[in-house]
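This report refers to the structure that appears directly beneath it.
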Amino acid sequence: MNFDFSEDQKLLREQARKLLADKCPPRTIRAVLEGDAGYDAALWKSIAEMGWLGTAIPEAYGGLGLGALELCVIAEELGRVLAPVPFSSTICLFAQALLLAGSEEQKQRLLPGIASGAVIGTFARVEAPGGVTPRSIRASFRAGRLSGAKTAVADGMEAHFTVALVRTSEEAGERGLSLALVDLNSERVRRQKLDSIDPSRKHAQFTFDHVAAELLGSVGEGWEIARQVLDRAAVLMAFEQVGGADACLAMAKDYARTRHAFGRAIGSFQAIKHKLADIYIGNELARSNAYYGAWALSTNARELPLAAAAARISATQAFDFAANESVQVHGGIGFTWEADCHLFQKRARELALALGPQRVWKDRLVTELERSNAA
Amino acid sequence: MDFEDTPEEAAFRAEVHAWLADNATPARNDQADDLGLGDSRDVMAGAKAWQAKKAAKGYARIAWPKEAGGLGGTAIQQAIYNQEEAKFDVPDTRMFAIGLGMCIPTLMAYASKDVGARYVAPALAGEEIWCQLFSEPAAGSDVAGLRTRAEKHGADWIVSGQKIWTSGAHFSDYGLLLARTDFDALKHKGLTMFFLSMRSPGVEIRPIRQASGGANFNEVFFTDVRIPDAQRLGEVGQGWTVALTTLMHERLAVGGGLGGGLDVKELLTLVRELELEDGPALKNAHVRERIADWYVRSAGLKYTTYRTMTALSRGQQPGPEASIAKIVVASKLQELCAFAMELEGEAGALKGEDAPAHGAFQLGWMSAPGLRIAGGTDEILRNIIAERVLGLPPDIRVDKDVPFNKVPGAR
């Protein structure tokens, strides 16, 4: 049994943790949270220089050619410090879409820029509140021109490119949809900044007006490719969530040991102890599910859809719970703007919604369970 | 990262698998049982025969040294053996677990060589069964608050008092007994450890009928029971230290199943067959969400076990993640069974063969409260995680620095 990261991967984790402790203190997050910039450019540059952005990009496209496991390690550390950089949009979603479905020419053109930090990308699916179904996708891509709108796009104001889920025919169901690659610097793209619960990760609305775009992958395959991209992102972002959940536990634990009330450390009260034990349990289950997802991702296993859904649900529940209960352990101070608790709480909720809500992933999980049962 | 054995582990797995294939038949699907520990005459005879076979091969305790009757192997080899054995339909040998897991290691640590030699081999071979006599009516989670009295009379100790929740006392040959030898000393300082024959005059064993209907536990009454001083383990007044040795040996059974095997798989089997108000249960969004919730807890535990096994495989101590299993399994069992009964509707109130799915979920539901309490309550386990894993301050104990006979409620 070898169900753990290797010594080299653990070394990478230590390096990442050290560098981020230095380069990404809470004031870095707050500068983005309270400012106009969508991310911390200096931190993004440092991360790029460390080679992290190209971790899982093949050497032929300017990356390091390491595996998905190394990327998981980095995602966890970025999640731990709430790094205000467009990592999940660019690396977990945009780059995954290119790697999965991009033509040779598209990969040659864009992946080196991603690895160097020059290209920021995002992934745009949603057009309206509620469920994302094939029917809900109206953005129309015909004869090389895209028209329509996408909303609640993470890092949308900062991105240079987006992959969008678009309609290429009126055929019902999934077959009417494709993926389009869009250069956002076109005058025919209007971008509008949207207010969001977590301004340390800003969101935007795109309006496309006959903008030139190109196909990513085959016509009619958009829904299926998007699903595969989301599976991969779910695993990577589960690590980001697990890192954040661990940070919440550490904060709450430290506070419970030092804060005194009724003549004793509040961490000596069982009401607090049991709360922290429950956070610990949730975090460990999430970590174990994420590890299984990492294994499935790194080996491109048949179980990936099931493993991704389990990793996503488990990590979402753990991070939400840890973040909410960390505020509670801190008491009144936890509800102030000055305390860091709310930064985690907001990120936890943002990540919980980022790849679609839990009901969708739970439904998917049971579908996959039934599929494996039938097989 | 993978799930593969090392070459040495694969060789060991093949070796034990071959031995099991020669000596046992492949497993059938097991029904849920009522907290385990069947003890009819046939069950016991089968278990003893199987245990003797394992002991002769060194498989009864793989990580014990060869001198003690083990295989001189490693913890990962024990885990591999457990995994392989689970694939076969072998007699349930859980009745030996307390003796071999807790009592005998304590004996090996504190008894003289001669005394140890007398008891280890018969216990290993299943010829003699041991039970643990710690808990009392007034000392459950707070076991150091026990009141069973042992007084020295010449070369013997005279013991009077009552123990409770003693698993398997009714079929045990020997017991490990923690008693109070000094009521004037502080709570943890007045205890002494002994072992005794469960057939000693003055020992009376009464089964406790559980709320689930089964009877796996006992009350054990001591009336002027005589124990030779030679059967004392450790110094007089050092009983708590000895008890900590016993409890330290209470390990997570890696690869072992808790909760009678009722889980998402069994729930899905039920769900596939049921029709609800709005159509097939499997199509119901609420049902699907609940299944997914329990699945991620189950899978999380399964892969946590893999992480523990990985630590063992690398020669490391398992991390604290191993401590979460029972909390998760027990409450999941309770919730999942209640939900299954909801799906069954009014018919969910039936049980046994009259109920859907042979009453598996009703039995699980009736057993679950016991699982949440036995072997450390949910609350005590959360304290342990909080204090030992997270490093939070211990509970404030108002009876810690007071002579035991001055503690409110103590005699």
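Throughout, a chain's letter reflects where its sequence line sits, starting with A, and its residues are numbered from 1.
The residue among B:Leu301, B:Leu268, B:Ile327, B:Asn383 with the most heavy atom pairs within less than 4.5 Å of chain A is B:Asn383. Annotation: maximal heavy-atom pairing with chain A below 4.5 Å, among B:Asp5, B:Asp395, B:Val264, B:Ile291, occurs at B:Asp395. Here B:Ala292 is the residue among B:Ala299, B:Ala292, B:Ala285, B:Ser313 with the most heavy-atom pairs under 4.5 Å with chain A. If you tally non-hydrogen atom pairs under 4.5 Å between each of A:Asn373, A:Leu69, A:Thr299 and chain B, the highest count goes to A:Asn373.
For the atom pair B:Met1 CE and A:Asp4 CG, the distance stands at 6.0 Å (nearest 0.5 Å). Taking CZ from B:Arg297 and CD1 from A:Ile313, the interatomic distance works out to 13.0 Å, rounded to the nearest 0.5 Å. Note: A:Leu285 CG to B:Thr304 OG1 = 5.5 Å, rounded to the nearest 0.5 Å. Rounded to the nearest 0.5 angstrom, B:Lys265 NZ and A:Leu369 CG are separated by 12.0 Å. One distance of note links CZ of A:Phe3 with CE of B:Met309; it measures 12.0 Å at 0.5 Å rounding.
Here the shortest heavy-atom pairing between A:Ser288 and B:Arg307 reads OG-NH1, 2.9 Å.
Here the rule is side chain to side chain contact (heavy atoms under 4.5 Å, CB included) with A:Met1, and of B:Leu312, B:Asp2, B:Thr310 only B:Thr310 fits it.
Residue A:Thr367 touches chain B through both its backbone and its side chain, counting heavy-atom pairs closer than 4.5 Å. In this structure, the portion of A:Arg264 lying under 4.5 Å from any heavy atom of chain B is its side chain and not its backbone. Only the side chain of B:Glu387 comes within contact range of chain A, with heavy atoms under 4.5 Å apart. Looking at B:Arg290, neither its backbone nor its side chain comes within 4.5 Å of chain A, counting heavy atoms on both sides. Proximity to chain B (any heavy atom under 4.5 Å) is shown, for A:Leu276, by both the backbone and the side chain. Within the 4.5 angstrom heavy-atom criterion, only side-chain atoms of B:Glu9, from C-beta onward, approach chain A. Of the two parts of B:Leu282, only the side chain, counted from C-beta on, holds a non-hydrogen atom closer than 4.5 Å to a non-hydrogen atom of chain A. Contact annotation for A:Gln317: only side-chain heavy atoms (C-beta onward) come within less than 4.5 Å of a heavy atom of chain B. At a 4.5 Å heavy-atom cutoff, A:Ile272 makes no contact with chain B through either its backbone or its side chain. Heavy-atom distances place both the backbone and the side chain of B:Phe3 under 4.5 Å from chain A. Residue A:Ile279 does not touch chain B at all, counting heavy-atom pairs closer than 4.5 Å.
Aromatic rings of A:Tyr291 and B:Tyr303 (six-membered ring for Trp) have centroids beyond the 6.0 Å cut-off, not under it.
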_Would B:Tyr295 and A:Val366 count as a side chain to side chain contact (heavy atoms under 4.5 Å, CB included) here? Give the steps._
CA-CA 9 Å; B:Tyr295 177 82; A:Val366 176; over 6 Å; no
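Atom CZ of A:Arg227 is surrounded by more than 12 heavy atoms from other residues, nucleotides or ligands within 6.0 Å. Within a 6.0 Å radius of CZ in A:Arg135, other residues, nucleotides and ligands contribute 12 heavy atoms or fewer. Counting heavy-atom neighbours within 6.0 Å of A:Gln328 CD, excluding the residue itself, gives a total of 12 or less.
No donor-acceptor contact under 3.5 angstrom links the side chains of A:His274 and B:Asp378, judged on distance only.
With sequence neighbours left out, A:Asp246 forms a salt bridge (charged side-chain N to carboxylate O under 4.0 Å, His left out) with A:Arg80, A:Arg287.
Note on A:Lys362 versus B:Asp293: salt bridge recorded, some NZ/NE/NH1/NH2 to OD/OE distance being below 4.0 Å.
Under a 3.5 Å cut-off, the side chain of B:Lys302 and the backbone N or O of A:Asn289 do not form any donor-acceptor pair. Within the 3.5 Å criterion, the main-chain N or O of B:Leu392 finds no donor-acceptor partner in the side chain of A:Arg257.
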